[in-house]
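Sequential numbering from 1 along the given sequence is applied to the chain's residues. Worth knowing before you read on, the calculation uses all heavy atoms, side chains too, and leaves out hydrogens, waters and symmetry mates.
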Amino acid sequence: MDTSELLTVPEAAARLRVSKWMLYNLIRSRRLRSVKIGDRRLIPVTALRAFLAALEEDAA
């Protein structure tokens, strides 16, 4: 996995236009996948796409 495919929490929150607190809640509730490398929590771009696809599916 290329590091450009991983987003920091602030980057992922900015892309979703939510707060960091909300992003951590999504991770804790297992609605958004993340990985941990050392002390860093990172969100794969593919996880953001899957999360958004699930939201669209729920809205339909």
Side-chain angles (χ1 to χ4, degrees):
M1 180 178 286
D2 181 341
T3 56
S4 65
E5 296 178 28
L6 297 172
L7 303 173
T8 64
V9 168
E11 290 170 339
R15 286 202 186 186
L16 291 176
R17 297 181 181 179
V18 299
S19 67
K20 289 191 304 184
W21 181 84
M22 173 62 118
L23 193 84
Y24 279 118
N25 278 342
L26 292 170
I27 292 168
R28 266 193 295 277
S29 67
R30 298 182 183 258
R31 294 181 66 201
L32 179 64
R33 288 184 302 108
S34 67
V35 296
K36 194 163 184 184
I37 299 176
D39 291 335
R40 299 179 72 199
R41 176 70 58 185
L42 300 167
I43 295 83
V45 172
T46 56
L48 281 185
R49 289 186 187 121
F51 174 71
L52 291 173
L55 286 179
E56 287 178 359
E57 189 174 300
D58 288 346

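- Note: Leu32 CG to Asn25 CG = 11.5 Å, rounded to the nearest 0.5 Å.
- Taking a 6.0 Å sphere around CZ of Phe51, one finds it holds more than 12 heavy atoms contributed by other residues, nucleotides or ligands.
- Here the CE atom belonging to Met22 is positioned 12.0 Å from the CD1 atom belonging to Ile27, to the nearest 0.5 angstrom.
- Taking OG of Ser34 as the reference point, atom CG of Leu6 lies at 10.5 Å (rounded to 0.5 Å).
- Put simply, the residue from Leu23, Thr8, Leu26 that forms a side chain to side chain contact (heavy atoms under 4.5 Å, CB included) with Ile43 is Leu23.
- The shortest distance between side-chain heavy atoms of Leu55 and Arg31 falls below 4.5 Å.
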